[in-house]
Amino acid sequence: SEMPSDAWATGQALYALAHAGIKSEDTAVRRAQAFLAATQREDGSWPMTSRPTKPDGEISANLIPITGAGSAWAVIGLVRSR
């Protein structure tokens with residue numbers, strides 16, 4: 001199933017684009033940066049959705065780990081894509 005964009009995937013994409021030599025003026029980079037700017041929470045984190053971790057599709061009720069990791073990737077991607 002498809003999931004909407006999130007900080008984790010967007011941050012990783014920005015990191016990969018920067019590593020590949022794509023400049024910050026590129027449209028894809030600008031769109032990703034704008035997405036992260038628009039979705040950042042007031043506390044500095046980014047919202048994340050739990051992924052199913054078991055075959056029955058059950059998701060975790062504790063979003064603290066994925067929120068921290070997703071927010072870290074968002075920051076890494078933003079810093080690398082400047």
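Only this structure's heavy atoms are used, side chains among them; waters, hydrogens and symmetry mates stay out. All values reported here derive from a predicted model rather than from experimental measurement.
Counting only N and O atoms by type, the side chains of Gln40 and Ser45 include no donor and acceptor under 3.5 Å apart.
Under the 4.5 Å side-chain heavy-atom criterion for Ile, Leu, Val, Met, Phe, Trp and Tyr, Ile22 and Tyr15 are members of distinct hydrophobic clusters. Residues Ile59 and Leu63 are members of separate hydrophobic clusters, defined by side-chain heavy-atom contacts under 4.5 angstrom among Ile, Leu, Val, Met, Phe, Trp and Tyr. Ile76 and Leu78 sit in two unconnected hydrophobic clusters of ILVMFWY residues. Membership requires side-chain heavy atoms under 4.5 Å apart, directly or through other members. The hydrophobic cluster containing Ile66 does not contain Phe35, counting ILVMFWY residues as joined when their side-chain heavy atoms lie under 4.5 angstrom apart, directly or transitively.
The closest side-chain heavy-atom distance from Thr67 to Pro47 is not below 4.5 Å. You'll find the side chain of Thr49 reaches within 4.5 Å of the side chain of Met3, heavy atoms only. Residues Trp8 and Met48 are in side-chain contact: their nearest non-hydrogen atoms beyond the backbone lie under 4.5 Å apart.
To the nearest 0.5 Å, the span separating CD on Gln33 from CG on Leu14 amounts to 6.0 Å.
Across all their heavy atoms, Trp46 and Thr39 have their closest contact at CD1-OG1, 3.2 Å. In this structure, Ser50 and Ser60 approach most closely via the heavy-atom pair OG-N, 3.0 Å. Between His19 and Arg80, the shortest heavy-atom distance links the atoms CA-NH2, 3.7 Å. Nearest heavy atom pair, residue Ala9 against residue Asp6, reads N-OD1, 2.8 Å.
A 6.0 Å sphere centred on CZ of Arg31 holds no more than 12 heavy atoms belonging to other residues, nucleotides or ligands.
Without hydrogens or angle criteria, Ser81 side chain to Ala18 main chain gives no donor-acceptor distance under 3.5 Å. Arg82 contributes no side-chain N or O that, together with a main-chain N or O of Ser24, makes up a donor-acceptor pair within less than 3.5 Å.
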